[in-house]
Structure formats: C-alpha cells, structure tokens
Amino acid sequence: MCSNAFAAQSQSPIPEVESLLEQMTVEEKIGQLNLLTPGGGIATGSVVSENVEAKIKAGEVGGIFGVTGPDKVRKAQEIAVNSSRLKIPLLIGSDVIHGYKTTFPIPLGSASSWDMDLLKQSAQIAARESTADGINWNFSPMVDIARDPRWGRIAEGAGEDPYLGSAVATAMVEGYQGTDLTAPHTMLATVKHLILYGASEGGRDYNSVDMGKIKMFNQYLPPYKAAVDAGVGSAMTSFNDIDGIPASANKWMITDLLRERWGFDGLVVSDYTSVNEMIAHGLGDLQAVSAMALESGLDMDMVGEGFLTTLKKSLDEGKVTEAQITTACRRILEAKYRLGLLEDPFRYSNEARPEKDILTDENRKLARKLAAHSFVLLKRHQNILPLKKNVKIALVGPLADSRNNMLGTWAPTGEHRLAVTVLEGFKNVAPEASITYAKGANITNDTVMAKNVNVFGPKVEIDKRSPETLLNEALAAAKAADVVVAVVGEASEMSGEAASRTEISIPDAQKRLIRALAKTNKPLVLVLMSGRPLTIEEEYELPVSILQVWHPGVEAGNAIADVVFGDYNPSGKLTATWPRNVGQIPVYHSMKNTGRPAAPVESTQDAEAFQKFKSNYLDAPNSPLLPFGHGLSYTEFEYSDLRVDKSEIGADETVTVSVTLKNIGSYDGAEVVQLYLRDVVRSITPPKRQLKGFQKVFLKKGESKKVNLTLSPDDLKFYNSDLEFTVEPGEFQVFVGTDSNAALKTSFSLK
Ligand code: BGC
C-alpha cells in the first residue's frame, strides 16, 4: 500500500510517457524543459517571458506560471493541445505560499500554531482553491531552516528547528497532494529551496552559503528529506551556492543526495532564472551553465530559457547527451501523467468551480482559526488581557487601520481589498466597545526604506501630517480611553524575498509612539506585526502586554479581535528565537555547549555575571530575549510528574515520556507541551538540547491530564562523521515543559 499520492502513481516506466518520448524530436524534448511566465501575476525576477503563445505552439514550453482562472488556463491548454505537434498539455504553476484567495497567516505564523492538523487543512483549502482556478502545480512548501532573522524570507518558512520543520513539511505536502494527484482538488507540491537557502551569509538574500556536512545533515536537511519522504512531486533548487557550486548545477545535491540517497523520483525545477544567474556567479556563459545544470540532474529551467536556447548546440558539440535530455523530459512528462493531464488536459479548467470553491465561508473560517492559533502572547502584564468587550479603547498605530499589510509577504494570489483590518475586526467582535482610532505614526519615516518596501505597491504610506500631529492625536485618544491597543511593527514587504534588514527593531517612528503611549500610564497592549523575530528589548521592559500576530492573512482583524477580547485564548509558540540584539545572531535553541560554557551545562538562565575566558559577551548575556518555543496564555499551566517508561532501552526500542499537565489559571486554554533531548556523550559534539516531540493539549480551567510523548528509535539518531544516521549508547536527558528552557528533567540510557 502506498501512503502518498506521488508514490502511488510512481510506477516507472509509464507506457503513455514512453510512447510520447518515442515520437519526440530532440527539440521537442528540450521544449518540455522550459518553464515560462507570461506576466500578469507578480514576477519575482526582472525578466518576464516573451512570445509565450508562439513558443507553446512550437512545442517549446513545458509549463507556465502566473496565469490563473479556468478560462485563461483552458485557453493556454487549447493552444498546447490544438496547435503543438504532439498535443502535450502544460503544467500550470503558481506560488500559493499561504493560501490562494483565502490567505492564511504567513508561514512563520502558521507554524507558530504547532498544530499540524490545522496546517494540513490550510494546504487542502489552498489546493482546492488553486485547482478551481486552473493551477495544478504549487511552488510550496518552502522548508528552509532559518536562524538569521535579518533574512527576510524567514517569513516564508517554519523557523529554526529541523524537527518541527519536518512535521510542517509533511503536513503541507500531504495537504496539497492528498492521496490522489489526479483528483481535481489536489495539486503537485514543490519542496523548496534546495538546499540551505536560509543560511545565506549575513542574512542577505541570494548570498553564498558555506556549511560543513555535519551541520547540514543534522540541522538543515531534515525538512527537505521529510517532504521527499511524504512523496512531494517536485523540488526547486535555490539561488545560493553550496560549497562553491550553485544549487541549480550542483550534481552532489541534485543527483547524489536528492535522487540517490533520498530516492526522490520527481522533477527538479530551477528557481527564477537561477540557471542564467550562474553566469554572474562566475561559472561561464549561458551555454556552459545550462549544460552544467542539465548534467547535474536539473530537469526544468524557470524563465531563463538557457535550456531552450543552448542545449541543442551543446548536444551537437558533444557537451551533453540526448540521454540526459530524455531523462529530464521524462520526469516532466511523468508529472503531467501523474496529475492526470495526459488523460484530460482540461482537468483543472472547470469554469463552474471558482464560485463554489474559492473564498467560501468555511475557508475563511479556517483562516480566522489558524490566524488566532498562530498568535504568540510574548508578554503578559498584569491582567490587562483579555479586554472586556464594553471598554473604551484607543486603537492606535500605523497598522491598526491598514488593509494592505494584513495578507503578509508573498501572497501574489491574494487580494488586499478582501482583508479585514484590525479596526474592522474590533468593531465586528466587540460592537459595544467605544473605539477611537488614531494612526499615531507612520510605519517608518525613512523615505529610502519606504521606497524600497513599496516596490510591489503601497505598503508604507508616509502621512502628509507632521509626526507631532500624528502623535498628539494618538495621545489625546489614549488619554480619553480605558485602555490603549497599539498595532505596530513591520509593513508586510519589510520581510519576504529581497527584504533583508541589518536592524530588526520596530522602526524608529513607531518606537517613539510606543514610548509616548507608555508614559500616559494607561494600560497598554502592543499588537505586534512582523515577518520575522524582532529585537524588542526596549519595548519588552515597558509595562505592556505584547501579542505577536505576524501578518495574519485575510481574516487578520477578526482573528486579532478574537484573541484580544478573549474569544480565543492564545496558544502559539515561537518557532524561531528572538535575539536581544542583532549582534547575538545566530542564536537558536539547539546551540552547542562549547568547551568553555558560560554557565553550568543545565542552566538556561545565563544572565549571570560576565566570566573571563568563557564563551560569552562583554556587553550582553548569551540568552536570547525570548527562547524558541516561548508563548504565554491567559491561563497558567503547571507541569509535574515527568517520567520515562523505561530507564534502559535497546537501539530499536521506543521510550514513552509522560508528564502531568494542569490548567491552574482562570481560563480554558491550549498548551504546546514540548520535549527536548540531550544526548550526553557521543562522537559528534551534541547540541545542548534538541526538540524531539510536542503535543498541543487543550484543558479546561482546573483540568489536568497525563500527556504521553513517544520517542522513536530515529529520534535518538544523528548523522556521524561518516554521515551515517546512527545512534550511540549512553545517557539521554529528557526535558519537558512550556518552552526550550524547560526545567523538568529525567533521563534514560541506551544499551
Ligand atoms: C522565488 C521562488 C518562487 C519563484 C517563482 C523566486 O524568486 O525564490 O520561491 O517560487 O520566484 O515565483
């Protein structure tokens, strides 16, 4: 029995595909390796394909993206099947990163829900809506591990951790592809960006990556592999080089690792013009880099047309072989077969579907729920939250009534006009509240930043009124209110692709507003939006409550109001560490101990005094401001009675870890119970602790429950110096609790 859609349809050779290949000229085979974008959607590179219709007719196109709507897709397929010699239908791609029209929170937000069922459901909805609009191939999930919040694309992934990242990758692939890829509501998924894109130097997008294999295999590769194990049908190479060879021509990565070691048999597509970009990387001219890419195992060239324009010449000159071209073409045709396109090119062109399947009430309901689950209560000050619904509120801040910043980065198929603002959400959820709105400040007063952010449309609007006028208006509203809610943070395009920052604080214009509001001595709640961890040490010290809401998607305002007014008790947990300052980066929970640890091995409170000749800083503690896994609730949870069911096990045995969780506060609520493991002695220096299990548990107030978490034999394994996935005997320490500083501890040993 095959458990996933791709494996179930993987019997190669596929007679339909082989018979097509027999009829194809070499030019037609090369044509299939070409992915174009006729424009219309948002292009992420500077190039947009030209003469696409003529190229489709000439059999020079294998797929297109940026074209949506069943009518338009039908037209494109008609050109392919009526006018090209072999009538081969097109793959229709798209970036459906966090929902199609029903936009869910940015992926870093969704992952903070730690709720894999909800994530899977969001992917199912994204697939249903996308396929209703003609799309059959999604360029998602993005599973790059990111430990540098300067990198804007941290917003697009699940954060810093390989274990959680693998769970998210699996849920998303299963959600998009379902169990039958030919079904009209499922689509081919793409795991991206292979590999290590999130480790670009200095957090600057597209930058080089240089990483040893031990770190790579243990920390960065697991989510890609998890997607492959879940049966993902395609993989996208990254822009960066890996050990000197760009991913799109990296034979070790594409062929040795992905195909041979992991057994991936889907298609590999380049990123946007990443084949051509190898010219700038310094590897040769277009013909040379295209030949290198094909030889490395790359099947499809996105937008750049290097394959289309040079492979025939390389073949004639003996630089590539026809067998290599045929192999790449076979993989693309197999994907079309698996989607059912060879049988029915119009499978995803049903004009009746958009109205039935897109933006339904059900879909929006899930978007609202997932958003509420994604919010992280960073700080609780007194019992200001949740707010009563009949209070007098000053709702201030540049993001409080901003529609254009709710969807978040990389939502090219979403529509801003559909998004619910925070002001609207407050009115919907608490109609009896008295709400005075004031903008208070611009998102930023930095005109260069504003110009750079606004490339894809107005996200940062610099108000004509002076900063003093804006501020005074907010202060007047604050003074007249019972409570102040300030919606502050980053514009949506301050994170995402090509949106790296060297400073990751709240912009100065807003810092000034927050300081002034704090001085009014009114109860103050910060609703913080961002696509990355921010450095908020100053704001954290103020007497405020802080709710981190990322960029929440189409139901933004409603979901925020649900949480602020207590209809949903926040349960999200950070999936990336929040540093105190940029100088601490990289800082993540699974760091190693070093030979000169600054604090005792078990201690997680390293705000101790500076120690000479220890691994620490002169000017700041080692500990981050907020650890991985952090997230508060309106209620309190108590952990007790941590146990393991066996104190000694063999290498193929499981261990069940149990803990009693009790809701000892005054609200019902959910807690994400987290399990961290430390392999005390092994042949490769171990991290201090690593996430190896979690469970989201809902408890009514006063209720308690015994929670069981099972460690499988694989959970104890690691990649050793020979890159074997193995386990070594010895002691394992187990920590369970509310975040990565979990203090409850037990242990077991492996014979
Ligand atoms: C991004 C990819 C995306 C592609 C197509 C690139 O710039 O890196 O993630 O899938 O564009 O839009």
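Atoms within a ligand are numbered from 1 in the order they appear, just like the ligands themselves. Treat the numbers as computed from the prediction; the structure is a model and nothing was measured. We use all heavy atoms of the structure for the numbers below, so side chains are in, but hydrogens, waters and symmetry mates are not.
- Residue I154 holds its CD1 atom at 7.5 Å from OG1 of T575, rounded to the nearest 0.5 Å.
- The shortest N or O to N or O distance between E156 and ligand 1 is not under 3.5 Å.
- Every atom of ligand 1 is numbered from 1 in the order shown, and the set under 4.0 Å from a heavy atom of D271 is 1 (C), 2 (C), 3 (C), 4 (C), 6 (C), 7 (O), 8 (O), 11 (O).
- Look at H193 and you'll find a heavy atom under 4.0 Å from some atom of ligand 1.
- Among residue pairs with one or both ends in residues 189-203, those qualifying as salt bridge (charged side-chain N to carboxylate O under 4.0 Å, His left out) are D95-K192; sequence neighbours excluded.
- One finds a salt bridge joining K225 and D229 here, because a Lys/Arg side-chain nitrogen approaches an Asp/Glu carboxylate oxygen to under 4.0 Å.
- Proximity to K192 (heavy-atom distance under 4.0 Å) selects the following atoms of ligand 1: 2 (C), 3 (C), 9 (O), 10 (O).
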I'd like to know whether Y220 forms a side-chain hydrogen bond (donor to acceptor under 3.5 Å, both in side chains) with D144, so could you lay out the CA-CA distance, the side-chain angles of the two residues, the decisive distance to 0.1 Å, and finally the verdict.
CA-CA 7 Å; Y220 279 75; D144 302 317; over 6 Å; no
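- Residue R153 touches ligand 1 through its side chain alone, judged by heavy-atom distances below 4.0 Å.
- Close contacts of ligand 1 with Y272, meaning ligand atoms under 4.0 Å from a residue heavy atom, involve 5 (C), 6 (C), 7 (O), 11 (O).
- An N or O contact shorter than 3.5 Å links E497 to ligand 1 by distance.
- At least one heavy atom of F65 sits closer than 4.0 Å to an atom of ligand 1.
- At under 3.5 Å, a nitrogen or oxygen of D95, whether backbone or side chain, sits near a nitrogen or oxygen of ligand 1.
- Under 4.0 angstrom from ligand 1, the non-hydrogen atoms of W410 all belong to its side chain.
- Classification of D299 and R259 as a salt-bridged pair holds, one side-chain N sitting under 4.0 Å from a carboxylate O.
- Between K101 and E415 there is a salt bridge, with a side-chain nitrogen of the basic residue lying less than 4.0 Å from a carboxylate oxygen of the acidic one.
- With a heavy-atom cut-off of 4.0 Å, M236 touches ligand 1 through its side chain alone.
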Check the pair Y206 / E497 against side chain to side chain contact (heavy atoms under 4.5 Å, CB included), numbers first and verdict last.
CA-CA 9 Å; Y206 317 124; E497 187 168 352; 2.6 Å; yes
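- Looking at S248, S270, S296 one by one, the single match for side-chain hydrogen bond (donor to acceptor under 3.5 Å, both in side chains) with T237 turns out to be S248.
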